[in-house]
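What follows is one structure encoded as structure tokens, with my remarks underneath.
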Amino acid sequence: MANVHQFDVVVVGAGGAGLMAGLYASRGAKTAVISKLYPTRSHTGAAQGGISAALGNYEEDKPEWHTYDTVKGSDYLGDQDAIEFMTNEAIDAVLELEHMGLPFDRTPEGRISQRPFGGHTNNVTGKPVRRACHAADRTGHMILQTLYQQCLKNNVTFFDEYQVLDFLIVNGKAAGVVAVQLATGELHTFHAKAVIFATGGHGRIFEVTSNAYAYTGDGAAVLLRRGLPLEDMEFFQFHPTGIYKLGILITEGVRGEGGVLINGKGERFMPKYAPTVKDLASRDVVSRAIYTEIREGRGVNGRNYVYLDVRPESVIKYAAQDGRTNPDGTPYTITGEQVLAKLPDIIDFCRVYLGVDPLTQMMPIQPTAHYTMGGIPTNKYGEVVIDDKNTIFPGLYAAGECACVSVHGANRLGTNSLLDLVVFGKHAGLKAAEYANKADFEKLPDDAEAGARSQFEALRKGSGKENAFDISNEMKKVMFDDVGIYRSEKGMKDALEKVRGLKERFTQVRVTDTGKIFNTEMLNAWELGNMLEVAEIITECALNRKESRGGHSREDYPERDDKNWLKHTLVWKKDGKTVIDYKPVVITKYQPKARVY
Amino acid sequence: MQVTLKIFRYNPEVDKKWHYETYDLDVDEKERILDLLELVKGHHDGTLSFRRSCAHGVCGSDAMRINGRNMLACKTLVRDVGDKITVEPLLGLKVIKDLIVDMEPFFDNYKKVLPYFINESPLPADGKERLQSPEQRARFDETTKCILCAACTTSCPSFWASDDYLGPAALVTAHRFIFDSRDEAASERLHIVSETSGLARCHTVFNCTMACPREIQITKAIGELKMATLTGKVD
Amino acid sequence: MGLKRNVSLATALRYKGQGPFLTYILHRIGGLGMAVFITIHILASFVGGKAGVFVNSIYENWLFQIFIFFCVLFHAINGLRITLLDLFPKLLEHSREAIWIEWAVFLPVYGLAVFVIVHTALGG
Amino acid sequence: MATTKSRTLPLTKRGLNFEMFMWMITRLTALAMYGLILIAVIGALIMGARTQMNLADVMRWAFMPNVTHVQDTNVPDLAPWSTPFWKLTASALLLVATAHGVHGLVVICDDYIVSSRGRQIVRWISIAFMLTMMSIGAYLIWTS
Ligand SMILES: Cc1cc2nc3c(=O)[nH]c(=O)nc-3n(C[C@H](O)[C@H](O)[C@H](O)COP(=O)(O)OP(=O)(O)OC[C@H]3O[C@@H](n4cnc5c(N)ncnc54)[C@H](O)[C@@H]3O)c2cc1C
Ligand code: HEM
Ligand code: SF4
Ligand code: F3S
Ligand code: FES
């Protein structure tokens, strides 16, 4: 075989999680980072608002509060040991990023600046607390750049524009991955002792989404096909504020800086739903509030959107009503210039895509598909676990959005994902290197590429009756409408049928491009296959969970049901059939109680 | 509205020479050029190839020439360019297929300017962050915005003349570190950017600044670098 | 194999740059024009004789004068703009205005000069 | 408050090399040319150019205040136009303009010629060319 590469550790994905893992793994073992995009194109770069850590640079804050907020945010589905682990590591993780040169915004004292974010509170007073460390409204961009730069500094080996298609298992252990080099169309086998998946989420299965084209659930689908389980796939987060129709995200930071939601009648409606923290309630709560307003006819012009208002005069007016103050106790005020300085990209998006200037006009927004809470089950060291007893799969690791630790449970708090990337990316990298230094290479199977090749061949053989683009659009629509913010038995059953039908039709798709060089048609079709796979699993898991919790909210079962459903879903694909099982939630300090904001 | 989309096409495995292909589409004026390309790929010709990811101008995948000027396809709306649209690959980089160009020389130049934070001094005794005033932070804010889309570098006549020229993007990166009060390798970087194929090749053409989708004042940043080599002032 | 990376002059000139791209091209033409002309002029004066007279006759030609005066004036005014912008990088933010001012100065002066040259040429 | 240690690099640490030095020289010579041209124009006006010369002649003189440039005009007395002062001014302009112009040519060549050998050759040729032009020019100024 011509294209075989041997590395101790192979990292799949070069977003925040992959780069952090690559950086740490490469210090202890020979490491390669493989990515289907140039690393700096990864979706981490789109993250806007910030990364949370209880630095307390403005006011008192502690990791315990951060832990509790996260547990509460997760609607008690998050594993509390893992959450505690993450929030305790948070401070060092953020400081480490600073030491790597990340240009955080600064306080007047020269320390890292922080802003309030949904669900982050002072546990004593219940008031929002400034916990999100930020670099303007492009924190993720800065993290991505900084980590990539540090990888270059440390001579990490990159394979840019290689798409991983298959995961190799030998003797029940990880043995490597197979990837296609986009520029040549050649298959490459990466022989490895340890493999870390950090491929990001799958938000592209929804019509209105803040997610990148690359978010097609590759990692999850590849492992699913190889018989590994996925966890909590029914939990998907809808962010309350996406640009109307386009889904482009308007960060929660806008509300952190004092922006408020306004319905079609010109009323501020969040106090009705979350009397204490109002517009800064947790995302699932705000998304549902917006939907309720729209459904009860209070959308703007009877359409399915509302307004987000960050005009300085409105901010000052509502801040005064809320009694919000500056750190020194004076009433909170803001000017147009300050808004522009703190949220330059958001202002830019609105001007470009909507022709709306947020400093003088309100922004039309609607909830948008945003974050994958579920994913590849791991423990807090990033080791992939494969059953309810947390049995470790030797040599396989996962981190970032594609993984489910689970620290986000049923609903992720804003800014906790970036934290998740750096904390668990780092530990996955460390563990993988440690493992690789003890383990031996498994012998590669004779035809390692066979699995990958046959997947591609199937896509060449279809009758060509069906069009992939149309299938993709139909899937997105049905998933957004029926497996979106509000779900019901009937809607989801219809959706499942539809998705299965689409899967069937997908076998009739034929890729017309027969070339090898940048055959993006082939790759897109393969990705559509992954999306359909994931969409089906999500729908099945969601149908199965008969309660409402966090991001999963059912009209037919509107209450949380801790007696029957305080457990993680595990799902396998066995001989084409979906198998669902459960795993207990780790509860240490915080017993479930009703969640009010 | 009815638009005519003319696309540069080149498939190395079939074509000897590149050509243009024209598509008539019915689209909304608020659609992105990227949406149009997706539509062509989905319904007219699946072989059309281009890079894209974020679809809202933050990842830097889809810089290309639209009506003769470098832009991001996902940040340009139909109403910004009218109903006659021509899409071509970036200039000065080798075309691999259709709108996809070989980005390696671009990233090679980026890597030349030590594009990473360097500070080998001990950390503050309390183990916390290195201090930096908001003013010091603001000094290099502009150049931290770069998404490495290459729109600037491939609009620069000096880069067209030779890809040896570091190009505006690499210089922007150098600026980001040289003017960061915490960084300690300003001198090394200034030596690199003042080499023959560095600052001296910039003739204040401003194509870069006009092309930058992140609205970075690139020419100004380069100007500051030039003055820094002469005066030694880096704060 | 891919196409070459080379950018032909024709393609380069088709790039839709804005004001400063145009001035850059003209500046280069102006600089080159002057350099070539001055070299030839000095050499011709040095050699003298028939060749010198011939070169000077080109140089007396009004069409040539329109061209070379363009080179000189444009290069000088644009050069001043570049020099000022370069020495005070802060001004680079106002490049658009600088270009406007430049044309506002250049066009009347050059227009007047062309008028005078043509007038002289026609009037004897 | 954050550290405020001065960040001015010493001369050897600025990356100030031939390229950047010449970059500055190009701007300085540009300014110098403006200065010299101004002197020439003011001088010409004082010496009565306004009534005795046409625009083209003034321009010619301004860009190179050498007496041969006013020989074909209506100026009655060439003596004030050919003093050592003007010869010096003309020589200064010659030097500055040649240095500026030749380096300009080098810059243009450097844009397109990438091999360091090629660049070396261009440099030597231009130095030779520059010296030649300067001597010929000086000869013309001081013998006219
Ligand atoms: C608009 C937006 C704003 C956000 N804002 C915030 C915020 O303010 N705070 C916060 O905490 N979180 C935020 N998030 C969430 C957070 O940014 C993401 O969850 C996180 O960046 C995911 O990082 P990752 O490393 O897991 O994946 P990514 O950064 O997406 O990286 C995935 C990588 O995997 C590679 N890859 C994928 N498939 C393959 C394959 N088959 N073969 C090879 N490589 C592959 C890709 O090339 C890429 O390099 C935001 C998300 C979005 C979309
Ligand atoms: C008042 C007079 C002049 C001014 C203000 C001036 C200014 C400038 C400046 C600022 C540059 C640098 C351009 C850059 O780096 O992009 C330049 C370049 C140049 N100048 Fe001049 N100049 C003047 C006269 C001359 C003369 C008399 C000659 C000819 C002998 C000349 C020939 C050139 C050439 C060939 C270049 C290089 C062009 C390029 O790089 O594009 N200049 N000039
Ligand atoms: S400076 Fe601007 S144009 Fe250049 S690569 Fe960066 S973002 Fe793109
Ligand atoms: S286009 Fe090029 S010449 Fe300079 S100002 Fe920009 S780098
Ligand atoms: S697709 Fe990311 S910049 Fe256009």
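Below, read A as the first sequence line, B as the second, and so on, with proteins coming before strands; counting in each chain starts at 1. Remember, predicted model here, so these are calculated numbers, not experimental data.
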Sort [X] into side chain, backbone, both or neither according to what part of it lies under 4.5 angstrom from a heavy atom of chain C.
X: B:Glu13; answer: neither
X: B:Glu224; answer: both
X: B:Leu93; answer: backbone
X: B:Thr209; answer: neither
X: B:Asp102; answer: neither

Tell me the residues of residues 18-29 of chain C whose non-hydrogen atoms fall below 4.5 Å from those of chain B, in number order. C:Gln18, C:Pro20, C:Phe21, C:Tyr24, C:Arg28

Chain B contact residues among residues 90-98 of chain C, heavy-atom distance under 4.5 Å: C:Lys90, C:Leu92, C:Glu93, C:Ser95, C:Arg96

Approximate separation, where rounding is to 0.5 Å, of [X] [atom1] and [Y] [atom2]:
X: C:Arg14; Y: B:Leu91; atom1: CZ; atom2: CG; result: 8.0 Å
X: B:Lys220; Y: C:Leu85; atom1: NZ; atom2: CG; result: 11.5 Å
X: C:Lys16; Y: B:Ser155; atom1: NZ; atom2: OG; result: 14.0 Å

Flag side-chain contact, heavy atom, 4.5 Å: B:Glu88 against C:Thr11: no

Considering all heavy atoms, the nearest B:Met227-C:Pro89 contact: CG-CG, 3.6 Å

Closest contact, heavy atoms only, B:Gly68 versus C:Tyr15: O-CD1, 3.5 Å

More than 12 heavy atoms of other residues, nucleotides or ligands under 6.0 Å from [atom1] of [X]: yes or no?
X: C:Phe64; atom1: CZ; answer: yes
X: B:Lys233; atom1: NZ; answer: no
X: C:Phe54; atom1: CZ; answer: no

Could you note down all residue pairs passing salt bridge (charged side-chain N to carboxylate O under 4.0 Å, His left out) where residues 74-84 of chain B supplies at least one of them, sequence neighbours left out? A:Asp348-B:Lys75

Looking at B:Thr219, B:Val101, B:Thr231, B:Asp163, which makes the most heavy-atom pairs under 4.5 Å with chain C? B:Asp163

Tell me, for C:Asp86 versus chain B, whether the close heavy atoms (under 4.5 Å) come from the side chain, the backbone, both or neither. both

Can you name the salt bridge (charged side-chain N to carboxylate O under 4.0 Å, His left out) partners of B:Arg69, sequence neighbours left out? none

